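Below: one structure, written as structure tokens.
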Amino acid sequence: MFRKTLSFVRMGAQNLLAYKFEISLFTIISFLSLSIYYFLWHTIYSYSNTTLVSGFTFSQLMGYYILTNFAGAYFWSDMDSRISDRIRDGKLIVDLARPATLLKTFVATEIGQTLFVLAVQTAPIIIMGVLLFNLRAGSLLSLVLSIISFSIAILLSMIFVFFVGLSSFWLTRYHGVRYARSALTWILCGGVFPLAFLPQFWQKILIILPFQHFVYTPIQIFLGGYTSITALELIGLQIMWLVIFYGLVKLAWPRAMAKFSAAGG
Amino acid sequence: MAPVIEVKDLKKSFKTYHRGAGLLEAFKSLVARKHKLVYALKGVSLKVEKGEILGLIGPNGAGKSTLIKILCGVLYPDSGSAKILGFNPWEDRIKYVQNIGVVFGPQKSQLNWDLPAVDTFFFIKELYEVPSKEFGKRLAYFSKLLNVEDLSKRPVRNLSLGERMKCDLIAALLHNPKLVFLDEPTVGVDLISKERIHEFIHKVNKEEGTTFIVTTHDMSDIEKLCKRIVVINKGLAVYDGPLATLKSKFKEKHLEIKLTEKGKPFSFKGCKVLEQKDIILRIEVNTNLQNIEAVMHHILSNYKVLDITITDPEIEEVIKKIYRK
Ligand SMILES: Nc1ncnc2c1ncn2[C@@H]1O[C@H](COP(=O)(O)OP(=O)(O)O)[C@@H](O)[C@H]1O
Ligand SMILES: [Mg+2]
């Protein structure tokens, strides 16, 4: 059982090995976008003559952005586009002829890619954060809790992407959905700025949505932004969303397959 | 022993959406999409015993690939039933496919495009939980049979169609499936590779008792591999039986003659002129009415011949004739 899953994970990592150039390109782009955030916020902090914005010091905020970069490694998934491509070029039947659910096939492959990206592409950025911006976990406990929270976030974000990707069974062109999915949710996740910067009203709305649990929750747990009780509650919510999206996938899958079968594969 | 495959009255239609050409039609289709049903299978029944190599032949669009997809469990039929290796393919898909091997044709390779084929082989080893020792033995043996020992270490995108097909065949057989589906395994494959593939299928069939279902256009595949064939046309199985019986019904041979100079119009008993243009002469001989030696003799004594080739009629023409009967 586990061996099967691992076989997809390994294949995913191998896939990426074939794209060494792109990986190094992404590392460079990450450095660039981080330096844009650096200059932008540097200006804001010095002009407004403060050391704290919504409770973040400048270097804490930089630490936050470095962690969003880490989260981006799993969040910026192209799994849904791959599903849509497989449907369009008729190769989904090859995936279906393998002894695994499509969910497992795609999510496990994606996890393999992600672990590879985290190891190769994101590691240098994390090291930079530790050296330059004093990036540290809030405490040992917050480190442990954030590892749990990040692991769930990775799975949650992938099941979410798979679920959205299932819509490509109905759509002839999926790329618009994908674009909306990544751009919109990245903001709601806290990828562009910490959600604490938002007015209370918006924060209250976001708390009932799943998105912050993809990125914001594990980062804040890591940085020690919550008490352990709150952190555990948030992890509980993450698990709840995991179960909900898993249920949604299970619900949607037979319909997707029926649609696929009627269209002829 | 129960048959490996028992399929009854499979029917399958596809929904296709149509629209006329032009911008206005495109807008109309946004509001109301008209769909039309294409009937790909109109009631196919089939029984296959263990260890058979069954040839599925038929013209383009006959429904062969659709049948294969349903038998592999990746498409649902509209109606009909199937029991394959004790499973219902589309209801028990995940358990069922563990026991089969498939090649869905040259466009739908299961090899990872950017990686060497061996990487896919190792992936399959893990996915199907093949014991290491058995895996090593099978891979070495198959690679030798198909002569791909070096090829499988190059990225798949750098392989020729035939080389890729050979690797795909290996991938489909590594986990020792009891039943293997091959959809057009020899399209675009050169003669030598084709022979290797035939030999490979024969060996595996003999040594492991593997049942094969092979679709093809190529008469040589059928002649080399299959004792029994099923002819599919327009979604129906129009013939099911030994190849020999089918062939004995068709006594036509084709002659293609190249002349050194233009000759007089051809006419001879039992012969039909398919084409006569300048120095090219193509005729069909009905061997029930006329023997081929007599025709050759007639030609050689009346024309200045550069070259003569004798061929069986194309499989499509044979099938068209079955269908007309
Ligand atoms: N996805 C599809 N959508 C609509 N029609 C299809 C689809 N796939 C196949 N068909 C139609 O079904 C018929 C059978 O096709 P197929 O099984 O591919 O034939 P074969 O493999 O014998 O060439 C053809 O008329 C083909 O046009
Ligand atoms: Mg076909």
Side-chain angles (χ1 to χ4, degrees), chain A residues 1-23 82 85-106 108-109 112-113 116 169-173 250 253-265, chain B residues 12-17 33 35 37-38 40 65-66 68-78 89-90 92-105 107-116 119-120 122-130 155-157 168 171-172 175 181 183:
Chain A
M1 211 29 210
F2 195 57
R3 190 174 161 194
K4 282 188 182 185
T5 311
L6 264 183
S7 68
F8 287 113
V9 172
R10 189 169 315 124
M11 196 36 123
Q14 275 176 332
N15 273 339
L16 277 196
L17 268 169
Y19 299 106
K20 293 185 203 86
F21 171 71
E22 265 149 73
I23 301 246
R82 278 188 289 123
D85 291 345
R86 295 293 273 183
I87 294 173
R88 281 171 75 94
D89 62 22
K91 281 195 166 181
L92 200 78
I93 54 171
V94 174
D95 301 316
L96 290 172
R98 285 181 171 154
T101 61
L102 203 69
L103 177 70
K104 181 188 278 187
T105 303
F106 277 88
T109 307
Q113 297 197 2
F116 186 83
F169 280 76
W170 283 268
L171 302 169
T172 38
R173 263 187 66 82
K250 288 283 155 195
W253 173 246
R255 287 152 228 264
M257 189 59 201
K259 177 77 191 176
F260 177 75
S261 180
Chain B
K12 175 73 184 170
S13 60
F14 295 121
K15 241 185 213 174
T16 53
Y17 293 94
R33 288 218 290 177
H35 73 253
L37 289 179
V38 178
S65 299
T66 305
I68 297 278
K69 286 177 201 167
I70 292 175
L71 298 185
C72 289
V74 302
L75 291 185
Y76 307 131
D78 299 348
W90 50 93
D92 317 322
R93 177 172 62 85
I94 290 171
K95 276 192 219 134
Y96 163 71
V97 294
Q98 177 86 29
N99 301 286
I100 63 166
V102 209
V103 178
F104 284 116
Q107 261 85 50
K108 286 164 190 157
S109 167
Q110 70 160 317
L111 305 168
N112 195 319
W113 191 247
D114 295 304
L115 300 175
D119 286 352
T120 304
F122 275 93
F123 163 71
I124 284 166
K125 165 180 181 273
E126 296 300 313
L127 181 62
Y128 290 87
E129 310 190 35
V130 186
V156 169
R157 62 169 179 276
D168 251 313
H175 59 291
F181 296 94
D183 196 358

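Chain letters run A, B, ... following the sequence lines, proteins first, then strands; residues in each count from 1. Since the structure is predicted, the reported quantities are computational estimates derived from the model, not experimental observations.
Comparing B:Gln107, B:Lys125, B:Gln110 by heavy-atom pairs within less than 4.5 Å of chain A, the highest count is held by B:Gln110. Interface check for chain A: of the options B:Ile124, B:Asn112, B:Val102, B:Asp78, the most heavy-atom pairs under 4.5 Å are formed by B:Asn112. Note: B:Phe123 leads B:Phe123, B:Trp113, B:Phe14 in heavy-atom pairs under 4.5 Å with chain A.
Qualifying side chain to side chain contact (heavy atoms under 4.5 Å, CB included) partners for B:Tyr76, counting only residues two or more places apart in sequence or in other chains: A:Met257, A:Ser261, B:Trp90. By the salt bridge (charged side-chain N to carboxylate O under 4.0 Å, His left out) test, A:Asp85 is found to be paired with no residue, residues two or more places apart in sequence or in another chain being considered.
In the model, A:Thr105 has no side-chain atom that pairs as donor or acceptor with a side-chain atom of A:Asp95 under 3.5 Å.
Annotation for A:Phe169: atom CZ counts as buried by contact number, over 12 foreign heavy atoms lying within 6.0 Å.
Both the backbone and the side chain of A:Asn15 come within contact range of chain B, judged by heavy atoms closer than 4.5 Å. Using a 4.5 Å cut-off between heavy atoms, B:Lys12 touches chain A through its side chain atoms alone. Heavy atoms closer than 4.5 Å to chain A are found in the side chain of B:Tyr128, but not in its backbone. Contacts between B:Leu115 and chain A at a heavy-atom distance below 4.5 Å involve the side chain alone, from C-beta outward. The contact between B:Asp114 and chain A is made by backbone and side chain atoms together, counting heavy-atom distances below 4.5 Å. In this structure, chain A has heavy atoms under 4.5 Å from both the backbone and the side chain of B:Thr120. In this structure, chain A has a heavy atom under 4.5 Å from the side chain of B:Lys69, while its backbone stays farther away.
Ring centroids of A:Phe106 and A:Phe8 are separated by 6.0 Å or more, keeping the two rings apart.
A:Trp253 places none of its side-chain heavy atoms less than 4.5 Å from the side chain of A:Thr101.
Judged by distance alone, with hydrogens and angles left aside, the side-chain atoms of B:His175 form no donor-acceptor pair with the main-chain N or O of B:Leu127 at under 3.5 Å.
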